[in-house]
Amino acid sequence: MDCFLFIGCVVDMITWSYSSIKTFDQCPKKYYHLKVARDVQDEGGTASIYGQEVHKAAEEYVRDGTPVPAKFKFVEDTVAAFNNIPGEKHCEIKLGVKKTDTGYEPCGFFAKDVWWRGVADLLIINGAKAWLADYKTGKNTRYADTKQLDLLAGAVFLHFPQVKRIKSALAFVVVNEFIKKNYDAGKEKECLSVFDNELTRLETAHNTGVWNAVTGPLCKFCPVTSCEHNRKR
């Protein structure tokens, strides 16, 4: 297993997810406190809690047939449309990928050698076809990032080798807009390498122990209150 030197000790190969690499890209110092030192916890705000509730309502509707609560009725048409797609439905399915000398292989979400972890809000498998949906509660699709779909698609091809075609979408359920992207089998490496540049910088940070802070508008929401740029101080 690959290893990296960090402040005089050896740490295992970095395991990452879409959210963690986006945190590092936003601010290496924040990533350090949340993921390396683990001396800070991000409790999340009202928007985060709201998003979790929407995801739970969508999951229970598809998985159990539970009616969507009245306050979340705006998601019903979207999840009903997904639910009407024929096939085996997986809600909140956990996917793991390990990296080898020859490429990528599927593995358990909590496997010791897992390299990447991801959770698909909804995966539908119907023979050689699959559908991926990731629910978003934001009201603006302008900064939608389909790299999240890239990673999930790559993992689905590995875990379900019978799948040859994936239709995916970031489903902005509040505004009923969709950012769609399709994938064909054989593109696993391309899908799973979309953050190679960021991962190289992350490895460098681990090797050098340098986690520079990045200032910006989001500093006022950051849980790392010890940072000199934190506006909660």
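Remember, it's a predicted structure, so these values are computed and weren't measured experimentally. Residue numbers run from 1 in the order of the sequence given.
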key: Heavy-atom side-chain proximity of Val62 to Cys91 below 4.5 angstrom   = yes
message = Nearest 0.5 Å, please: how far is CG in Asp121 from CG in Asp134?
response = 4.0 Å
ask   = How long is the span from the CG atom in Asp196 to the CZ atom in Arg201, to the nearest 0.5 Å?
value = 12.5 Å
task = Would you please name every residue forming a side chain to side chain contact (heavy atoms under 4.5 Å, CB included) with Gln26, sequence neighbours left out?
result = Lys30, Leu218
inquiry  = Is it true that, when you exclude Lys181 itself, more than 12 heavy atoms of the residues, nucleotides or ligands shown sit nearer than 6.0 Å to its NZ?
reply    = yes
request  = Show your reasoning for whether ring pair (Phe, Tyr, Trp, His ring centres under 6.0 Å) applies to Trp115 and Tyr104.
outcome  = CA-CA 9 Å; Trp115 171 74; Tyr104 305 95; 5.3 Å; yes
task = Report the relative orientation of the aromatic rings in His206 and Tyr31; use parallel for angles under 30°, tilted for 30 to 60°, perpendicular for over 60°.
result = perpendicular
task = Using the six-membered ring wherever Trp is involved, compare the ring planes of His55 and Tyr135 and label them parallel, tilted or perpendicular (cut-offs 30° and 60°).
result = perpendicular
key: Ser17 backbone acceptor or donor facing Arg117 side chain under 3.5 Å   = no
request  = Please check if Leu192 and Leu199 belong to a single hydrophobic cluster, counting links between Ile, Leu, Val, Met, Phe, Trp and Tyr side chain heavy atoms closer than 4.5 Å.
outcome  = yes
note = Between the CG atom in Leu158 and the NZ atom in Lys98, the distance rounded to the nearest 0.5 Å is 11.5 Å
key: ILVMFWY network linking Val114 to Leu202, side-chain heavy atoms under 4.5 angstrom   = no
key: Side-chain donor/acceptor of Lys136 to backbone N/O of Val173, under 3.5 Å   = no
task = Please round to the nearest 0.5 Å and tell me the distance separating atom SG of Cys222 and atom NE2 of His229.
result = 11.0 Å
query = How many angstroms lie between atom CZ of Phe157 and atom CZ of Arg165, to the nearest 0.5 angstrom?
reply = 8.5 Å
ask   = Under 4.5 Å between any side-chain heavy atoms of Phe172 and Leu170, yes or no?
value = yes
query = Is there a path of hydrophobic side-chain contacts, each under 4.5 Å between heavy atoms of I, L, V, M, F, W or Y residues, that connects Val119 with Trp131?
reply = no
key: Lys129 NZ: over 12 foreign heavy atoms closer than 6.0 Å   = no
request  = Take atom NZ of Lys73 as the centre, draw a 6.0 Å sphere, and report whether it contains more than 12 heavy atoms from other residues, nucleotides or ligands.
outcome  = yes
ask   = Hey, any chance Val68 and Phe74 share a hydrophobic cluster, counting ILVMFWY side chains that come within less than 4.5 Å of each other, even indirectly?
value = yes
Sub-4.5 Å side-chain heavy-atom contact between Phe195 and Leu151 = yes
request  = Flag yes if Ile14 and Val36 sit in one hydrophobic cluster, no otherwise; membership is Ile, Leu, Val, Met, Phe, Trp, Tyr, and two members link when side-chain heavy atoms are under 4.5 Å apart.
outcome  = yes
message = To the nearest 0.5 Å, what is the distance between CG on Asp145 and CD1 on Ile179?
response = 11.0 Å
